[in-house]
Number of protein chains: 2
Amino acid sequence: MTPGARRVLAAAGRLFYARGIHAVGVDLIAAEAGVTKKTLYDRFGSKDQLVVEYLADRDERWRAFLADRLQQVEPGSADRVLAVFDASRAWMTDSSPRGCAMINASAEISDPDHPAYPVITGQKTWMLDLFAELVREFHPTGAEELARTLLLLHEGALVAHGLRTFPDPIGHARDQARTLLDRA
Amino acid sequence: MTPGARRVLAAAGRLFYARGIHAVGVDLIAAEAGVTKKTLYDRFGSKDQLVVEYLADRDERWRAFLADRLQQVEPGSADRVLAVFDASRAWMTDSSPRGCAMINASAEISDPDHPAYPVITGQKTWMLDLFAELVREFHPTGAEELARTLLLLHEGALVAHGLRTFPDPIGHARDQARTLLDRA
DNA sequence: GAGCCACTATACAGATCGGTATACGATGGG
DNA sequence: CCCATCGTATACCGATCTGTATAGTGGCTC
C-alpha cells in the first residue's frame, strides 16, 4: 500500500467511525488525508470499496489486538474467555466511545448484497466460533450454547457502552460471564 | 395529526427503518406518502424533527405493544420478565428484520446534541428500569444488577437478530433469562 | 534518457441533498 | 358567502454527493 493510500485509510477510519459512513464524503476524506480525490479513486476505486477496506482493516487490527491478549493466558483455562471481555473493554475504553464499528456499519448498510456485508457478519460469526472454541477447551459439553450466551452478553455490552446506558457495561458482562463459567 | 402528516410519518417509518436515516431523502418520503414537500415541511418543520417523531412514534408503539403483553401475565411473577423477551421476539419476527431501530439510529447520529438522541437513550434507560421493576416484584435483593444482565442479553439478542448471527437469538436470550431467574 | 509510478491541481459532470417560494384548488365551519 | 385551512403542483435555491477528465510534477529504475 502506498503512503497516500495509507493516509486515506487512516482518515477514513477516523471519520467513518466518528461520524458514520453516509455522513462522510470522499472530498473530506481526501482533504483530511492530504490527498486529492484522484489518488483516492486510483487506490480504492469507489467509496463502497473504501468502506470495505475500512471495516476489514479495523477487523484485522481487532483480531491482532485480541490474539495478543489471549496468548498471555494459558490455553485450557476459563480465564481465556474473560480475557476476551477484558480485551474488548481495553479496546473500547481508549478511542472507541461509539461502540462496535461493525454494528454501526450494519445499521447504515441495508443492502445484504453490499460488498461490506460479509466483513460485518464474518466478524460476528468469527467471534461466536472463538467463544465456542475457548469454552470447548475446558468444558466440551454444551459449548455451543454457552458460546451463544457469551456472544449475546458481549454484543449487548458493546451497545450499552456506545449508548452509555449504565457505567462499565463490558465489565459487568465480564462478571456475568465469570459466574456463568463457574456454574458450567 | 392531519391525514397527510400521518401518511408522511408512516412512510418515514418504513423507509428510515428499512434503508437508514441518512440514505433516505425527504423527496422520497413525500413521494411515497403521496404528499408534496411543502406539506411535509408544514407539518414537521425539518428532517431532524421528522426523525425525532419517527423514533418517538416507534417507541410509543413498542411500549403499548409491550404493555399489552405484560398485562396478560400476573404481577409478581418471574414470567413477566420472560414476557418482555417474548414480546420482543414477536415484535421483531414480523416486520423488523433489521434489529432495533433505536440502536440503528444511534449508529447514524453521532452528535449527542441531536434532538433525537434523548429519545434513543430514553428508551434504553426505560427498558433498564422496567427490568429492574419487574425483577423487584418477586426478588428485591440485587434487582439492579440482575436487570443490567437482562438488558445486556436483550440488546445483544436484538443485534444478533438483525445480523442473523445464529437462529432465534431472542429465544435463546429468553431461555438464558429463565435460568438466571431460576437461580436468583 | 525513456518509461513508469505516485501524486498534485483544477475543473467539471450529473445527480441528489435539505429547504423555500409562488400560485392555485378543495373543503368546511362561522 | 367568506375565509382560513389543508393540500396540490411546479419551480427553484445553494450546497454537497460520487465519480471523471485533463494536465503536469518529482523521483526511481532500467
Side-chain angles (χ1 to χ4, degrees), chain A residues 1-57 104-105 107-111 113-117 119, chain B residues 1-57 104-105 107-111 113-117 119:
Chain A
M1 194 166 348
T2 64
R6 245 189 297 272
R7 293 205 306 276
V8 167
L9 196 55
R14 272 184 292 114
L15 292 167
F16 282 155
Y17 182 75
R19 308 190 196 177
I21 293 172
H22 279 127
V24 173
V26 289
D27 298 81
L28 178 60
I29 295 173
E32 200 93 341
V35 153
T36 61
K37 283 206 290 175
K38 175 93 168 65
T39 302
L40 188 152
Y41 275 93
D42 283 347
R43 299 293 139 235
F44 296 96
S46 69
K47 185 186 179 181
D48 274 359
Q49 192 54 37
L50 180 57
V51 171
V52 171
E53 303 217 22
Y54 149 60
L55 292 174
D57 175 66
N104 291 351
E108 294 204 67
I109 298 172
S110 52
D111 180 17
D113 294 333
H114 192 286
Y117 204 78
V119 181
Chain B
M1 195 168 346
T2 65
R6 246 188 298 271
R7 293 204 307 276
V8 167
L9 195 56
R14 271 184 293 116
L15 292 167
F16 281 155
Y17 181 74
R19 308 190 197 178
I21 292 172
H22 278 127
V24 172
V26 290
D27 298 80
L28 178 60
I29 295 173
E32 200 93 342
V35 152
T36 61
K37 284 205 290 178
K38 172 93 164 63
T39 302
L40 188 153
Y41 275 93
D42 283 348
R43 299 294 138 233
F44 296 96
S46 69
K47 184 185 181 181
D48 274 358
Q49 191 55 37
L50 180 57
V51 170
V52 171
E53 304 216 21
Y54 148 61
L55 292 174
D57 175 67
N104 291 351
E108 295 205 65
I109 299 172
S110 53
D111 179 18
D113 293 334
H114 192 287
Y117 205 78
V119 181

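Chain letters run A, B, ... following the sequence lines, proteins first and then strands; every chain starts at 1.
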Visitor: Are the side chains of B:L9 and B:E53 in touch, meaning some heavy atoms are under 4.5 Å apart?
Guide: yes

Visitor: Less than 4.5 Å apart, side chain to side chain, heavy atoms only: is that true for B:T36 and B:L40?
Guide: no

Visitor: Using a heavy-atom distance cut-off of less than 4.0 Å, which residues of residues 1-8 of chain A contact DNA chain D?
Guide: none

Visitor: What is the 5' to 3' range of DNA chain C, first to last nucleotide, that sits under 4.0 Å from any heavy atom of chain B?
Guide: C:dC17 to C:dT22

Visitor: Using side-chain heavy atoms (C-beta onward) and a distance below 4.5 Å, is A:I29 in contact with A:V35?
Guide: no

Visitor: Side chains of residues 16-27 of chain B: which donor-acceptor pairs under 3.5 Å do they make with residues two or more places apart or in other chains?
Guide:
unit_1: B:Y17; atom_1: OH; unit_2: B:S96; atom_2: O; d: 3.3
unit_1: B:Y17; atom_1: OH; unit_2: B:R98; atom_2: N; d: 3.0
unit_1: B:Y17; atom_1: OH; unit_2: B:G99; atom_2: N; d: 3.0
unit_1: B:Y17; atom_1: OH; unit_2: B:G99; atom_2: O; d: 2.6
unit_1: B:H22; atom_1: ND1; unit_2: B:E108; atom_2: OE1; d: 3.3
unit_1: B:D27; atom_1: OD2; unit_2: B:K37; atom_2: NZ; d: 3.3

Visitor: B:R14: what forms a salt bridge (Lys or Arg N to Asp or Glu O under 4.0 Å) with it, not counting sequence neighbours?
Guide: B:E32

Visitor: Look for any protein N or O under 3.5 Å of an N or O in nucleotides 17-23 of chain D and output each such pair with its distance, or none.
Guide:
unit_1: D:dT18; atom_1: OP1; unit_2: A:K47; atom_2: NZ; d: 2.7
unit_1: D:dT18; atom_1: OP2; unit_2: A:V26; atom_2: N; d: 2.9
unit_1: D:dG19; atom_1: OP2; unit_2: A:Y41; atom_2: OH; d: 3.0
unit_1: D:dG19; atom_1: OP2; unit_2: A:K47; atom_2: N; d: 3.0
unit_1: D:dG19; atom_1: N7; unit_2: A:K37; atom_2: NZ; d: 2.8
unit_1: D:dG19; atom_1: O6; unit_2: A:K37; atom_2: NZ; d: 2.3

Visitor: Does A:D57 have any salt bridge (Lys or Arg N to Asp or Glu O under 4.0 Å) partners at least two apart in sequence or in another chain, and if so, which?
Guide: A:R61

Visitor: Under the criterion side chain to side chain contact (heavy atoms under 4.5 Å, CB included), I'd like the reasoning laid out for B:V8 against B:F44: C-alpha separation, chi angles, the key distance, then a yes or no.
Guide: CA-CA 9 Å; B:V8 167; B:F44 296 96; 3.5 Å; yes

Visitor: Which heavy atom of A:A5 sits nearest a heavy atom of A:R43, and at what distance?
Guide: CB-CG, 3.8 Å

Visitor: Is any side-chain heavy atom of B:T39 less than 4.5 Å from a side-chain heavy atom of B:D42?
Guide: no

Visitor: What are the two closest non-hydrogen atoms of B:L55 and B:A116, and how far apart are they?
Guide: CD1-CB, 3.8 Å

